[in-house]
There are 2 protein chains.
Amino acid sequence: MDEKTQAKFDARARIFKAMGHPTRLFIVDQLARDGQRCVCELTEMIGADMSTVSKHLAVLREAGIVRDEKKGSQVYYALRLPCVVNFFDCVESVIKCNAKAQQELID
Amino acid sequence: MDEKTQAKFDARARIFKAMGHPTRLFIVDQLARDGQRCVCELTEMIGADMSTVSKHLAVLREAGIVRDEKKGSQVYYALRLPCVVNFFDCVESVIKCNAKAQQELID
DNA sequence: TGGCGATTTGGCTAAAATGCCAAATGACCA
DNA sequence: TGGTCATTTGGCATTTTAGCCAAATCGCCA
């Protein structure tokens, strides 16, 4: 694999890696539904330490998946590109397909 | 986050995590193009140890993204659901959007 | 200005992911 | 059957991630 190809797949992988955590996917899902949420709202929904949620948000931000906007002392996050939601349909198909294959092993 | 929600996002995250590595994305891309490839072909394209490639393929297989088929002494891998390729369009948009934002910082 | 609430950052430990080598397994052919 | 090629598995060192606490920032209002 040449250097350019490597760089291309590195960049792509960074996006997937950023989505590859249940808490971060939950955040993406929430933002897709509600448009925007502040850190404290997300923290309450998730039920983890706020510093943990803040770090997850930083991962998403650094990957370019979300953007942040300060409003007074609060910081609101929103999806930068709504298309990331399209991922979920296919992911659900994979999960369904997995479940079906599991079932067939049992039958 | 209740237990059921947690499980749902765990399952989703597993798929993204499996795609979250440049070598594995390269494999997915190749399989999307060529339909199927054996381990030795992929190993040569990637230029890593065959055991490393085999382990990456195992990650994709366990996530349900690829399936394997033995043909004699070789093992061919293929995408289980072609829709995963749709991911790439949006990922490219995010990358383009990131590049644009970077550019604007410089200007 | 002092203090409070919201958020981020630093630091630390435990867990998971990577990638190589070496060894085991499996299929095939002489 | 012995040998060889393709693949997987085990083991190990190194790096990266995750999540908590404590401390530092930042904005705002009395």
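Numbers restart at 1 for each chain; the letters A, B, ... are given by sequence-line order, proteins then strands. Excluded from the calculations below are hydrogen atoms, water molecules and symmetry mates; all remaining heavy atoms, backbone and side chain alike, are included.
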*Short side-chain N/O contact to dT17(D) OP1/OP2 from His56(A), under 4.0 Å*: no
*Would you give the length of the straight line joining atom CD1 of Ile27(B) to atom NE2 of His21(B), rounded to the nearest 0.5 angstrom?*
9.5 Å
*Leu42(B) side, atom CG; Tyr76(B) side, atom OH - distance, nearest 0.5 Å*: 10.0 Å
*Do Gln6(B) and Asp2(B) have side-chain N/O donor and acceptor atoms under 3.5 Å apart?*
no
*Nucleic acid footprint by protein, nucleotides 7-17 of chain C - heavy-atom cut-off 4.0 Å, B for base, S for sugar-phosphate alone*: BBBBB-----S
*Does Arg12(A) make a cation-pi contact with Phe88(B), if we ask for NZ or CZ under 6.0 Å from the ring centre and within 45° of the axis?*
yes
Calculate the interatomic distance between [X] atom [atom1] and [N] atom [atom2]; express it in whole Å.
X	N	atom1	atom2	value
Leu60(A)	dT17(D)	CG	P	14 Å
Arg37(B)	dA6(D)	CZ	C1'	16 Å
Ile27(A)	dA18(D)	CD1	P	12 Å
Gln6(A)	dT18(C)	CD	P	13 Å
Met19(A)	dA18(D)	CE	C1'	19 Å

*Could you tell me which non-hydrogen atom of Ala63(A) sits nearest to which non-hydrogen atom of Ala18(A), and how far apart they are?*
CB-CB, 3.5 Å
*Could you tell me whether Asp29(B) and Arg33(B) have a side-chain N and a carboxylate O separated by less than 4.0 Å?*
yes
